[in-house]
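So the structure is just underneath, and the comments pick up after that.
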Amino acid sequence: MAPIDSRATLKKYPLLGTSDAMQRIQADIDSAARSDAKVLLTGETGVGKEVVARAIHLRSGRNVAPFITINCAGIPDSLLESEFFGHARGSFTGAFRDNPGLLRQAHTGTVFLDEVGEMSLRMQALLLRFLETGEIQTVGAPAMQSHIDVRVVTATNRNLLESASAREFREDLYYRLNVYEIRIPPLRERQSDIPILLDHYLQIFADSHQRPVLGLSRTALDLLTVYPWPGNIRELRNVIERLVLRVNNPIVEPEDLSAEIAAYTAPARQEEAGSLRASISHQARVDGILERVLIHKESFWTTAYPAFMSRDITRDDMRHIVRTGLEQTHGSYRLLLGLFNMAADDYKRFLGFLKQHDCHLPFQRFRALRVTAGSRAAIA
Ligand SMILES: Nc1ncnc2c1ncn2[C@@H]1O[C@H](COP(=O)(O)OP(=O)(O)OP(=O)(O)O)[C@@H](O)[C@H]1O
Ligand SMILES: [Mg+2]
């Protein structure tokens, strides 16, 4: 029988969406839940890897036992080892009492190893030994060995096979973890889920902040649907929470949205104003500039720059060009110089130009992005 809190947990971490991709994921969760096979969840940041891991646990026969998450990123090895396997009192400075370790605490339940691709090679070896034998060795207590029964679910936003060929991740461990892979596509590949998520979070944040439930104007909804959401559902949640706190009218209008979201779909808004053909030929001009820079290797200074200065293309177009480049360089403006065929010492001039014309975009959000300029152009 399901534990008493599983319904509450499902409510707290719902898995919404009716797209084909989401339906496939729901079916994958059901089949994964029927066995103890190890599951590897892959997907960009914020797509819902942890929610899916929880759902597997809650739908499995292990749901009466704990679900324990261990984040493998950014924790020093020694600490991670004792988090995993526990430690005996006095085994290192600061170890004031015995700690059973998270694996023991998850006994008969599920352990979710998040960002497993960030583990050091030493920890990977220890994990592999555990997976092979089920035995754990407590830090500082050689005699304290026990056999633990846990289901292991892992997640990563890296390509572990690439990490394996770069010798950063053990290939044998990769194949052990990846018995059942569930790839969770980014939100921009399942746009039909966006309105459902928007509704859900408008309601949730109105409740939690005791604010009225906002509606969305048609144009605002369109803008939020075509925006590519590089931070996926986590970003969407944050955007909606801000709207709930800030917007005082009952309906969210395009001007309430951030410039980032509103600017991204500027061509769509022009179409709405009835200038569909102008917008398409304009878009073709911008795409032509990108093609000259990215494919024919012409310099930014002889293509995008003069077109912008002569007002042939707009600020939004220039931002689109910069955004397309930053997606390829994962947010690096220095690499953008090379990509846009400029000299290395043009850095200051280029940044100065972008800042002067308000076309300088924050780089952080491109760090986790893995789409190609081609697919983005198709979305735009
Ligand atoms: N299908 C969904 N329906 C509703 N909410 C979702 C869905 N998927 C994810 N979320 C919510 O989005 C947020 C991010 O999800 P989660 O933490 O599972 O992502 P993640 O893939 O583990 O991200 P990261 O790689 O950054 O750790 C959470 O608040 C989660 O509840
Ligand atoms: Mg996560």
Side-chain angles (χ1 to χ4, degrees), residues 5-30 32-33 39-59 67-75 80 102 110-119 152-160 163 177 181-209 224-225 227-244 330-331 364-371:
D5 82 332
S6 82
R7 225 174 297 158
T9 312
L10 281 170
K11 211 167 159 204
K12 194 165 167 205
Y13 303 101
L15 198 54
L16 304 172
T18 53
S19 60
D20 289 352
M22 244 359 257
Q23 290 181 36
R24 263 196 310 277
I25 290 169
Q26 295 283 6
D28 279 345
I29 294 171
D30 287 335
V39 177
L40 175 66
L41 302 168
T42 57
E44 288 178 12
T45 183
V47 285
K49 296 185 290 295
E50 182 152 358
V51 194
V52 169
R54 259 177 215 287
I56 294 172
H57 171 73
L58 288 172
R59 294 182 204 179
F67 171 86
I68 291 196
T69 297
I70 308 180
N71 191 326
C72 307
I75 305 178
L80 193 58
L102 293 172
T110 305
V111 62
F112 172 51
L113 307 181
D114 202 3
E115 306 205 41
V116 70
E118 312 305 311
M119 246 184 200
V152 177
V153 177
T154 49
T156 180
N157 50 23
R158 279 182 190 246
N159 180 333
L160 287 186
S163 303
L177 296 176
E181 178 170 351
I182 303 180
R183 175 187 175 263
I184 309 175
L187 208 43
R188 64 184 163 279
E189 286 178 21
R190 43 183 168 117
Q191 279 185 341
S192 62
D193 291 340
I194 292 177
I196 297 165
L197 290 162
L198 294 171
D199 269 1
H200 171 74
Y201 285 116
L202 282 167
Q203 180 76 55
I204 290 288
F205 288 123
D207 287 353
S208 65
H209 295 297
L224 289 162
T225 307
Y227 177 66
W229 299 108
N232 292 292
I233 301 169
R234 184 173 296 114
E235 183 187 6
L236 180 144
R237 265 184 72 126
N238 294 342
V239 164
I240 297 302
E241 183 165 20
R242 270 199 300 275
L243 286 175
V244 168
H330 299 295
Q364 293 86 346
R365 50 198 307 277
F366 298 94
R367 283 281 151 93
L369 215 58
R370 293 193 210 292
V371 288

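Keep in mind that what you see is a predicted model, and the values were worked out from it rather than measured. All ligand and atom numbering here is 1-based and tracks the order in the structure.
Classified by interplanar angle (parallel below 30°, tilted 30° to 60°, perpendicular above 60°), the ring pair Trp229/Tyr227 is perpendicular. Taking the six-membered ring where tryptophan is involved, the planes of Phe67 and Phe112 are essentially parallel, since the angle between them stays under 30° and well short of 60°.
The heavy atom nearest to atom 18 (O) of ligand 1, considering only Arg190, Glu50, Gln26, is found in Glu50. Across Ala55, Ala155, Gly48, heavy-atom proximity to atom 15 (O) of ligand 1 is greatest for Gly48. By heavy-atom distance, the residue among Glu115, Glu44, His200, Lys49 lying nearest atom 21 (O) of ligand 1 is Lys49.
Considering only non-hydrogen protein atoms, atom 29 (O) of ligand 1 sits nearest to Arg237 NH1, 3.0 Å. Among protein heavy atoms, atom 2 (C) of ligand 1 sits closest to Leu16 N, 3.4 Å. The nearest heavy-atom contact from the protein to atom 30 (C) of ligand 1 is Val51 CG2, 3.5 Å.
Contact annotation for Val52 and ligand 1: no heavy atom of the residue comes within less than 4.0 Å of the ligand. When heavy-atom distances to ligand 1 are checked against a 4.0 Å cut-off, Tyr201 comes that close only through its side chain, counted from C-beta outward.
Judged purely by atom type and a 3.5 angstrom limit, Asn71 uses its side chain to pair as donor or acceptor with the backbone of Ala73. Judged by distance alone, the side chain of Asn232 and the main-chain N or O of Pro186 form no donor-acceptor pair under 3.5 Å. When atom types are taken as modelled, the side chain of Lys49 and the backbone of Glu44 share a donor-acceptor pair closer than 3.5 angstrom.
Restricting Asp114 to its N, O or S atoms, the one at the least distance from the Mg ion (ligand 2) is OD2.
Scanning for side-chain hydrogen bond (donor to acceptor under 3.5 Å, both in side chains) contacts around Gln23 gives an empty result, with sequence neighbours left out. Residues forming a side-chain hydrogen bond (donor to acceptor under 3.5 Å, both in side chains) with Thr69 (at least two apart in sequence, or on another chain): Glu50.
Some N or O of Gly46 is nearer than 3.5 Å to an N or O of ligand 1, by distance alone.
Counting atoms of ligand 1 from 1 in the listed order, those under 4.0 Å from a heavy atom of Leu15 are 1 (N), 2 (C), 3 (N). Near Leu197, with a cut-off below 4.0 Å to any heavy atom, the atoms of ligand 1 are 3 (N), 4 (C).
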